[in-house]
Amino acid sequence: QVQLVNSGGGLVQAGGSLRLSCAASGRTFSGYAMSWFRQAPGKEREFVAAISRGAVTTYYADSVKGRFTISRDNAKNTVYLQMNSLKPEDTAVYYCAARYRSGDYYVASTYDYWGQGTQVTVSS
């Protein structure tokens, strides 16, 4: 079992920045690929960013590429999402997710564990 706790959300003006954190406890964190997803009101959960177990490879949704950066610190059992140049359309609840198995990184159903979510609101 892995427990994930999200933090770092909040209200920010367009063009601003936020950094989300996801602290993991339980089984060996470094053995899990990690991702961030988000869900806006009335919309389906969508992929935002992913990072491999050793932090060698990262993936981003086209909508956030160049603005968001995913990283992880395996010594601290934490994954981060640095969000810059935020836009109102980035407003959503953001969730971190962990998986041990392989699969398409952008597919939510391939993930085994989820954080509780943290609200990000970007005002125009």
Side-chain angles (χ1 to χ4, degrees):
Q1 284 284 350
V2 173
Q3 292 79 42
L4 303 175
V5 178
N6 299 149
S7 62
L11 173 64
V12 64
Q13 289 188 331
S17 298
L18 282 174
R19 189 176 81 155
L20 306 183
S21 298
C22 174
S25 60
R27 296 183 63 181
T28 307
F29 176 71
S30 60
Y32 289 84
M34 301 295 297
S35 289
W36 289 93
F37 286 76
R38 66 186 181 187
Q39 188 166 17
K43 295 187 177 181
E44 292 187 354
R45 191 167 297 190
E46 66 173 358
F47 168 76
V48 175
I51 190 165
S52 62
R53 294 168 178 80
V56 173
T57 306
T58 57
Y59 304 93
Y60 295 94
D62 288 343
S63 59
V64 306
K65 202 171 294 183
R67 299 188 298 121
F68 291 10
T69 302
I70 188 171
S71 61
R72 66 189 296 164
D73 185 337
N74 287 343
K76 295 183 177 179
N77 287 2
T78 303
V79 63
Y80 304 97
L81 185 68
Q82 178 67 43
M83 305 185 295
N84 299 329
S85 301
L86 282 161
K87 304 176 181 180
E89 51 262 44
D90 294 318
T91 295
V93 177
Y94 283 71
Y95 301 88
C96 65
R99 67 177 188 183
Y100 194 75
R101 51 186 162 152
S102 300
D104 293 327
Y105 58 87
Y106 51 87
V107 177
S109 60
T110 66
Y111 290 82
D112 304 300
Y113 304 102
W114 292 84
Q116 83 282 11
T118 185
Q119 177 70 47
V120 171
T121 303
V122 184
S123 63
S124 57

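Here the structure is a predicted model, which means the values were calculated and not measured.
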Contact between [X] and [Y] at the side-chain level, heavy atoms closer than 4.5 Å - yes or no?
X: Val120; Y: Leu18; result: yes
X: Tyr94; Y: Asn6; result: no
X: Ile70; Y: Val79; result: yes

[X] to [Y] six-membered ring, cation-pi geometry met (6.0 Å, 45°):
X: Arg19; Y: Tyr80; result: yes
X: Arg72; Y: Phe29; result: yes
X: Arg99; Y: Tyr111; result: yes

task: Classify the side-chain pair Asn84/Ser17 by whether it contains a donor and acceptor separated by less than 3.5 Å.
output: yes

message: Under 3.5 Å, is there a donor on one side chain and an acceptor on the other for Gln13 and Ser123?
response: no

message: Check this for me: does any side-chain nitrogen of one of Lys87 and Asp90 sit under 4.0 Å from a carboxylate oxygen of the other?
response: no

message: Between Phe47 and Tyr105, is the ring centroid distance below 6.0 Å?
response: yes

query: Is the Tyr95 ring parallel, tilted or perpendicular to the Trp114 ring (thresholds 30°, 60°)?
result: perpendicular

statement: For Gly117 and Val93 the tightest heavy-atom approach is CA-CG1, 3.8 Å

